[in-house]
Every structure is written in structure tokens, then in C-alpha cells.
Amino acid sequence: MDVTEAVLTRRSVRLFRSDPVLFDILQRVLTKAQRAPSGGNVQPWNAHVISGEPLDRLVRTVGAVIPMGRNAHAPEYAIYPPDLEGAYEARRFGVGEAMYAALGIERDNKRGRLAQFMRNFRAFGAPVLMLVHTPRYMGPPQWSDIGMWLQTVMLLLREEGLDSCAQEAWAVYQKQVRECVAIPEDHVFFCGLAIGYRDQDAAINRFEVPRAALEEAVTFEGF
């Protein structure tokens with residue numbers, strides 16, 4: 001698989017098969033990903049990779065507080081800007097509606113939508129979950145580095161025939177994550193990354209996710 005194929009076939013997978021992921025593959029992917037770009041070679045990314053009972057424990061711990069609703073939420077950062085608007089908000093809203101449409105869940109089906117949202121906190125059935133964190137004093141350039149590292153990891157997973165879903169949703173329950181995983185208190189918990197093999201036939205893994213036209217994002221000058 002070349003880089004282009006990895007980029008074009010990568011997507012946020014939201015239903016995984018139960019097939020185990022070999023430790024050797026994960027170690028190989030994450031070793032290669034250490035070559036991701038990093039300003040000043042700071043390499044600010046840190047992660048815990050969990051599977052089996054540690055993952056089951058996390059799912060149980062978060063599941064126990066989900067019925068509390070927003071009273072159990074304690075995010076360390078805003079996942080989306082509160083004033084997100086225009087094309088940015090339209091894209092965010094649009095992909096959510098496309099996902100629910102693929103599942104046949106109508107807008108007024110609150111219970112169905114909640115049930116799908118809760119699958120976030122079972123890592124969509126993935127057998128592996130990577131939990132990403134970084135020291136609190138890191139700034140936007142270092143968070144950018146973490147994004148480049150995550151993209152590198154996700155593309156290398158595709159090279160191995162694996163799939164993933166980056167999940168900032170886990171940050172809502174960072175307190176429960178910290179109960180289960182030894183993330184230092186002076187670190188911000190950023191996100192989860194579900195890892196496994198996609199269910200090819202699942203509608204949620206097949207709906208179209210449109211991207212903005214190049215001219216909406218890029219301006220060329222001097223060519």
C-alpha cells in the first residue's frame with residue numbers, strides 16, 4: 001500500500017470486528033510513527049495502549065456514569081469552539097446527519113441517537129484503544145505535533161490492513177479514564193484512538209464523508 005492509498009482508504013471506523021490485533025504489529029507501527037514531524041524535536045506525544053481486561057475495565061467504569069448525563073462530564077478542554085460557525089459548523093453538522101441517515105436513525109429518535117453516541121465509550125467494539133496525553137504546559141505548536149503523530153499512526157495502521165477512529169469524546173470522561181489508566185496529573189488527556197479491523201459491510205463504515213473543494217481551503221499565488 002502506498003501513501004496515497006492509505007490516505008484515501010483511511011476513515012473514522014465506527015464498527016470493528018472482534019479479531020485481535022497482534023502486539024508485534026502495534027509495536028512496529030508505533031516505532032515507525034516516532035519519525036513523525038515535531039518542532040524542535042520535542043515529541044510531545046504520550047500514550048497508553050490498552051486491550052483485554054484493562055480496556056474492559058475502562059468501558060465498565062465510564063458506562064457506570066453515563067446515566068448521570070452531563071453531571072458526569074468533566075472535559076479538560078473544549079472539543080469544538082463554542083462559536084463554531086459558517087462552513088466549519090456546516091461540515092460538522094453534515095457528517096453527523098449523514099452518519100445517522102446511514103443507520104436509519106431519524107432526527108427525532110433521541111433514544112437511537114443516544115445509543116449510537118454511547119458506542120463511542122465501547123471504542124466501537126475495537127479490541128485496542130490508545131489513550132493520548134501531553135504535559136499541560138504544551139502549547140498549540142506541540143498539539144499540532146500530536147496531530148501529525150496521530151495521522152502518521154493512522155496511515156501506518158492502514159498499511160498493516162488495520163483501521164482506527166480518533167475519539168476526542170473520551171475527553172468528556174477524563175476523570176474516569178484517569179481512574180483506570182495512570183495518566184500523570186500534570187498531563188492533559190487529549191483523546192482515544194480505537195484500533196482494529198473494520199466491519200466492511202456495516203453501513204456506518206460506508207457512508208460518504210465529503211471534503212471541501214481545494215479552492216475553499218488553499219490559495220495559490222505566484223504560479
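Values below: every heavy atom of this structure, side chains too, minus hydrogens, waters and symmetry copies.
When ring centroids are compared, Phe121 and Tyr173 come within the 6.0 Å threshold. Ring-centre distance between Phe190 and Trp45: not below the 6.0 Å cut-off.
Here Asp19 contributes atom CG and Asp199 contributes atom CG; the two are 10.0 Å apart, rounded to the nearest 0.5 Å. Distance CZ/Arg198 to CD1/Ile204: 12.5 Å, rounded to 0.5 Å. A distance of 14.5 Å separates NZ of Lys175 from SG of Cys180, quoted to the nearest 0.5 Å. Rounded to the nearest 0.5 Å, atoms CG (Leu155) and NZ (Lys32) are 12.0 Å apart. The CE atom of Met130 lies 13.5 Å from the CG atom of Leu55; values are rounded to the nearest 0.5 Å. Note that OH of Tyr197 and OG of Ser164 are 12.5 Å apart. Values are rounded to the nearest 0.5 Å.
Minimum interatomic distance between Leu162 and Gly196 (heavy atoms only, all atoms of both residues): CD2-O, 3.4 Å. When every heavy atom of Val209 is checked against every heavy atom of Arg11, the shortest pair comes out as CG2-NH2, 3.8 Å. Scanning both residues, Val177 and Leu58, for their nearest heavy atoms gives CA-CD1, 3.8 Å. Heavy atoms only, all atoms of each residue included: Gln43 and Ser38 are closest at N-OG, 2.7 Å. Closest non-hydrogen pair, Pro44 versus Ile146, comes out as CG-CG1, 4.0 Å. Closest non-hydrogen pair, His133 versus Phe189, comes out as CB-CA, 4.0 Å.
Looking only at side-chain heavy atoms (C-beta outward), Met138 and Val42 come within less than 4.5 Å of each other. Counting heavy atoms from C-beta on, the side chains of Ile79 and Val172 come closer than 4.5 Å. Looking only at side-chain heavy atoms (C-beta outward), Val128 and Phe16 stay at 4.5 Å or farther from each other. Side chains of Pro54 and Arg57 form no contact here, defined as non-hydrogen atoms less than 4.5 Å apart.
At distances below 3.5 Å, not a single donor-acceptor pair connects side-chain atoms of Gln176 with backbone N or O atoms of Val65. Checking side-chain atoms of Ser144 against main-chain N and O of Pro140 turns up no donor-acceptor pair under 3.5 Å. A donor-acceptor pair under 3.5 Å is absent between the side-chain atoms of Arg28 and the main chain of Phe23, judged by distance alone. A donor-acceptor contact shorter than 3.5 Å links the side chain of Ser51 to the backbone of Pro127. Proximity of a side-chain donor or acceptor of Gln167 to a complementary backbone N or O of Cys191 within less than 3.5 Å is not detected. A distance-only check finds no donor-acceptor pair linking the side chain of Asn205 to the backbone of Gln200 [under 3.5 Å]. A donor-acceptor pair under 3.5 Å links the side-chain atoms of Gln142 to the main chain of Gly139, judged by distance alone.
Residues Tyr77 and Ile183 share a single hydrophobic cluster, defined by chaining ILVMFWY side chains whose heavy atoms lie under 4.5 Å apart. Val95 and Leu15 fall within the same hydrophobic cluster, defined by Ile, Leu, Val, Met, Phe, Trp and Tyr side-chain heavy atoms under 4.5 Å apart, directly or through other members. Following chains of ILVMFWY side-chain contacts shorter than 4.5 Å, one can reach Trp170 starting from Val132, so the two form part of one hydrophobic cluster. Residue Leu103 is grouped with residue Phe207 when hydrophobic side chains (ILVMFWY) are merged at heavy-atom distances under 4.5 angstrom, including chains of intermediate members. Hydrophobic clustering of Ile, Leu, Val, Met, Phe, Trp and Tyr side chains at less than 4.5 Å, counting indirect connections, keeps Tyr100 apart from Val13.
Surrounding OH of Tyr88 are at most 12 heavy atoms belonging to other residues, nucleotides or ligands under 6.0 Å away. Within 6.0 Å of CZ in Arg60 there are more than 12 heavy atoms belonging to other residues, nucleotides or ligands.
For the pair Arg92 and Glu85, the salt-bridge criterion is not met [side-chain N within less than 4.0 Å of a carboxylate O]. Between Glu76 and Arg178 there is a salt bridge, since a side-chain N of the basic residue sits under 4.0 Å from a carboxylate O of the acidic one. A salt bridge between Glu5 and Arg158 is absent, with no side-chain N of the basic residue lying under 4.0 Å from a carboxylate O of the acidic one. Taking a cutoff of 4.0 Å between a charged side-chain nitrogen and a carboxylate oxygen, Glu106 and Arg113 do not qualify as a salt bridge.
Counted by atom type alone, Arg119 and Gln116 present one or more donor-acceptor pairs between their side chains at under 3.5 Å. In this structure, a donor-acceptor pair under 3.5 Å is absent between the side chains of Thr134 and Asn46.
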Inset, instruction - Any chance you could lay out the side chain to side chain contact (heavy atoms under 4.5 Å, CB included) test for Thr31 and Gln27, step after step, and finish with the verdict? - result: CA-CA 6 Å; Thr31 297; Gln27 193 171 47; 4.3 Å; yes

Inset, instruction - Could you walk me through whether Tyr80 and Glu89 pass side chain to side chain contact (heavy atoms under 4.5 Å, CB included), step by step? - result: CA-CA 9 Å; Tyr80 297 105; Glu89 172 60 14; over 6 Å; no

Inset, instruction - Apply side chain to side chain contact (heavy atoms under 4.5 Å, CB included) to Met68 and His73, showing your working. - result: CA-CA 9 Å; Met68 296 171 58; His73 292 186; over 6 Å; no

Inset, instruction - Show your working on salt bridge (charged side-chain N to carboxylate O under 4.0 Å, His left out) between Glu216 and Arg91 and close with a plain yes or no. - result: CA-CA 13 Å; Glu216 292 184 45; Arg91 293 168 194 160; 3.2 Å; yes

Legend entry - Criterion side chain to side chain contact (heavy atoms under 4.5 Å, CB included) on Leu129 and His48, from CA distance to verdict: CA-CA 8 Å; Leu129 180 65; His48 284 68; over 6 Å; no

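Residue Glu160 is tested with Leu22, Val21, Ile25, Leu26 for a side chain to side chain contact (heavy atoms under 4.5 Å, CB included); the sole match is Ile25.
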